[in-house]
Amino acid sequence: MTQEPKRYLITAALPYANGPIHIGHLAGVYIPADIYVRYLRAMGRDVKFVCGSDEHGVPVTIRAEQEGITVQEVVDKYHSMFENSFREFGITFDIYARTSNPIHHETAQDFFKNLYEKGLFEEKTEEQYYDEVKERFLQDRYIRGTCPNCSNPDAQGDQCEKCGTALSPNELINPRSAYSDATPTLRPTKNWYLPLQNYAEWLRQWIVEGHASDWKTNVLGQCKSWIEDGLRPRAMTRDLDWGIDVPLEGLAGKKLYVWFEAPIGYISATKELTSDWEKYWKSQDTKLVHFIGKDNIVFHCIIFPAMLKAYGDFVLPENVPANEFMNLEGDKISTSRNWAVWLHEYLQEFPEKQDALRYALTANMPETKDNDFTWADFYTKYNSELVGILGNFINRVVVLTEKYFEGKTPSVGKLQEIDQALINAVAEAPAKIAQSLEQYRFREALAYYMDVARAGNKYMQDNAPWSLYKAGFEENKERIATILHISLQLVANLAVLGEPFLPFTAGKIRTMLGLGNTTWAQAGKTDLIAAGQTIQNTGLLFEKIEEASIEAQVGKLEAIKKAREEKENATQKPEVESTSIVNHKSSIEYTDFEKIDIRVATVLAAEKVKGADKLLQLTLDTGIDTRTVVSGIALHYAPEDLVGRQVCLLANLAPRKLRGIMSQGMILTAEEPDGKLRLIAPHEVVVSGSVVK
RNA sequence: GGCGGGGUAGCUCAGGUGGUUAGAGCGUUGGAUUCAUAACCCAAAGGUCGAGAGUUCAACUCUCUCCCCCGCUACCA
């Protein structure tokens with residue numbers, strides 16, 4: 001790092017092919033990456049910018065089911081949508097690949113085989129939910145059941161869409177397969193795990209010690225937290241239909257874990273791009289930078305580097321400048337709830353306004369914390385900054401040049417102090433902007449860029465060439481010429497420096513000035529336009545946005561919100577009417593209660609769970625069987641006091657492993673306000689197995 | 001419950017090895033100006049730097065406790 005890297009490999013997170021690109025993706029990943037890359041290219045550096053669609057995993061299969069089309073159709077649809085909208089938006093990937101490409105399958109399988117043959121995986125056989133009817137293992141999302149939180153009968157095994165609670169399949173009441181409605185059973189299945197704990201010390205040194213000063217605090221903190229928490233083996237294969245086959249014999253229906261193969265997509269995309277790909281991946285003088293959102297930190301900072309290390313030879317990321325999230329009008333962006341500003345829609349509804357969005361999202365980039373995008377802010381930022389400061393400055397220079405010099409660049413005369421001051425300010429700008437960009441401080445870089453335009457406006461105002469013109473053009477001609485000459489040079493700088501941030505605008509300025517492609521080396525110079533060069537007034541760079549078009553956008557979002565609220569009210573309200581009963585949870589029907597099997601059980605044995613301070617392992621006589629239940633009451637009851645006691649057991653709760661012990665039910669307790677737990681039991685001894693209702 | 005990040009002007013955010021009047025952009029108000037898309041330029045108002053306690057000659061900056069937001073995670077069941 002002390003010396004300049006020979007080449008750069010820049011990756012942007014692979015967008016997942018189950019929904020369109022929205023402003024959150026842009027602000028978090030694609031805009032910063034593209035700015036960085038455009039800057040590097042302007043610097044004349046050797047850089048490759050790779051990305052592609054991530055097409056495997058469970059959610060695309062769900063999307064296919066919802067839309068009633070094949071999975072292939074889903075990924076094809078989103079892949080081409082991504083490709084088009086990125087291109088139109090000016091995100092300049094050197095290659096936009098896809099993980100369904102054969103070259104990716106081969107690369108990912110080779111990677112797996114390499115680690116497998118070195119014996120770096122742990123094989124583990126575990127119980128997984130299985131659909132006996134369809135004869136397949138069920139991923140979390142394919143298990144449906146009643147949400148324990150809001151009683152939504154169609155909650156998925158990983159999350160309830162209604163109330164947003166994160167779930168695991170065991171939490172669902174009455175779990176059933178999404179395919180067949182059959183009750184899933186547990187079946188053993190073998191999978192391959194990457195023992196991340198073996199890389200913990202190496203990761204700690206590399207990240208916590210090695211990158212303490214150059215990685216962003218949010219990234220560093222998250223990594224530290226993971227490492228100190230203790231890394232565990234992570235399954236690199238899954239029981240799935242859709243994905244890349246595990247390259248071992250006799251393993252039908254087993255695929256590579258998406259988060260194993262997706263980052264390898266960066267490698268296969270580079271392979272597809274150039275036969276020289278190894279130079280970018282295996283030569284230590286390459287600087288690898290991953291642009292991602294904060295949700296991807298663990299995969300890019302822990303898992304993928306561990307994989308690369310395990311394989312050997314590969315370069316590791318020099319930096320992973322993850323951004324936080326962009327909210328929309330105060331609410332979290334959500335694809336499934338349709339709460340987003342979609343790129344393809346924006347491009348259609350605001351034609352030729354790519355830079356407006358690029359500007360708003362860069363100026364407000366969630367670099368250190370979550371940020372909020374509002375249309376009102378977009379509107380004022382655009383009208384007051386892009387139109388008022390940048391566009392207006394350029395326009396006034398061009399118009400004055402037209403008026404006073406027939407649109408030809410006048411020659412520079414004797415410089416005054418005020419001219420020199422501006423020239424100096426312009427000369428300093430590129431280094432300032434570059435330094436911010438090198439540190440991934442995009443907002444700051446953009447602000448410095450705008451400062452150049454501000455300086456231009458001030459220069460105009462202070463020199464007021466129009467006053468000199470009125471006072472007498474002939475006697476002031478040299479001075480007016482000098483002022484406009486310098487102003488035009490400044491406009492040229494706005495094109496050069498603006499290329500990373502506002503590429504479309506930069507292009508338009510170049511056309512006006514008759515500049516060819518520019519490089520960063522030209523930035524800061526004030527001889528970019530020769531005297532006599534004709535300036536073409538090609539019209540305003542930025543037209544004001546009408547309030548109506550913003551109102552339309554806000555209205556669109558309000559409609560979505562209203563529809564959602566109505567839907568929620570409609571599904572959960574009707575019972576609660578003229579009663580004055582205060583419910584802490586939403587009402588349920590008797591049929592909901594009927595699903596619950598509570599019965600009295602007698603404690604046969606009780607012991608503390610090793611290594612857990614809150615858990616007791618209980619053996620219960622339920623009247624119908626003898627079963628094990630793990631309960632978090634160790635702080636409230638001693639094991640010996642429990643033997644022989646009767647307790648109430650929620651008997652049909654899905655089994656769940658706790659501290660390695662399968663718990664087959666739940667003991668009911670009353671929780672006092674101070675957190676003290678008391679067992680619920682019948683007042684008199686009853687027959688074990690008596691039903692509570 | 002634990003961990004990580006954040007809580008600084010109306011809005012979006014900078015900043016600080018503790019030390020004179022806490023910064024920027026936008027917004028607001030006033031002024032100046034008219035080349036320019038009522039844009040630009042100048043100026044002002046506006047903050048008990050999440051709350052409380054402590055350390056210190058001195059804290060927004062350090063320590064502790066607490067509250068709120070975002071994320072991760074667990075021995076919630």
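All chains are named by letter (A, B, ...) in the order of the sequence lines, taking the proteins before the strands, and each is independently numbered beginning at 1. What you see is a predicted model; the values in this text were computed from it and never measured.
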query = Is Phe542(A) touching bases, backbone alone, or none of the nucleic acid, heavy atoms closer than 4.0 Å?
reply = base
message = Please give the distance between the C1' atoms of A22(B) and G47(B) as a whole number of Å.
response = 9 Å
task = Tell me which nucleotide among C70(B), C41(B), A74(B) gets nearest to the side chain of Lys294(A).
result = C70(B)
query = What interatomic distance, in whole Å, is found between P of U65(B) and the corresponding atom of C3(B)?
reply = 10 Å
Salt bridge (Lys or Arg N to Asp or Glu O under 4.0 Å) contacts touching residues 468-485 of chain A (sequence neighbours left out) = Asp419(A)-Arg479(A)
key: Ring centres under 6.0 angstrom apart (Trp375(A), Phe350(A))   = yes
inquiry  = Walk along nucleotides 22-35 of chain B from 5' to 3' and tag each nucleotide B, S or - by protein heavy-atom contact under 4.0 Å, base first, then sugar-phosphate.
reply    = ---SSS------SB
ask   = Taking atom C1' in both G54(B) and G18(B), what distance in whole Å separates the two?
value = 15 Å
task = Tell me whether the guanidinium CZ or amine NZ of Lys216(A) lies under 6.0 angstrom from the six-membered ring centre of Tyr440(A) and within 45° of its axis.
result = no
Distance between C1' atoms of A9(B) and U29(B) (Å, rounded) = 15 Å
note = Encoded 5' to 3' (Watson-Crick or G-U under 3.5 Å; [ ] crossing; | other strand), RNA chain B becomes (((((((..((((.....[...)))).((((.........)))).....(((((..]....))))))))))))....
request  = Quick one: sort the Phe299(A) and Trp259(A) rings into parallel, tilted or perpendicular, breaks at 30° and 60°.
outcome  = parallel
request  = State which residues pass salt bridge (Lys or Arg N to Asp or Glu O under 4.0 Å) with Arg454(A); sequence neighbours excluded, sorted by chain then number.
outcome  = Asp451(A)
request  = Using only side-chain N and O atoms of Lys458(A), determine if any of them is under 4.0 Å from OP1 or OP2 of C42(B).
outcome  = yes
key: Qualifying residues under salt bridge (Lys or Arg N to Asp or Glu O under 4.0 Å), relative to Lys381(A), sequence neighbours excluded   = Asp377(A)
Interatomic distance at C1', G6(B) relative to G50(B), whole Å = 11 Å
Euclidean distance for C1', C49(B) against C62(B) (whole angstrom) = 16 Å
task = Supply the atom-to-atom distance Glu546(A) CD to Lys544(A) NZ, rounded to the nearest 0.5 angstrom.
result = 9.5 Å
ask   = Among G5(B), U37(B), C72(B), which nucleotide sits nearest the side chain of Trp226(A)?
value = C72(B)
task = Give Thr374(A) one of three labels, base, sugar-phosphate or nothing, depending on what nucleic acid heavy atoms sit under 4.0 Å from its own.
result = nothing
message = Give me the distance, rounded to whole Å, that separates A24(B) from A45(B) when you measure between the P atoms they each carry.
response = 12 Å
ask   = With respect to the phosphate group of C69(B), does any side-chain polar atom (N or O) of Lys369(A) fall under 4.0 Å of OP1 or OP2?
value = no
message = Can you check the distance between U28(B) and G10(B), where both ends of the measurement are the P atom (answer in whole Å)?
response = 15 Å
request  = Only counting residues at least two apart or in another chain, list the ones meeting salt bridge (Lys or Arg N to Asp or Glu O under 4.0 Å) with Glu444(A).
outcome  = Arg441(A)
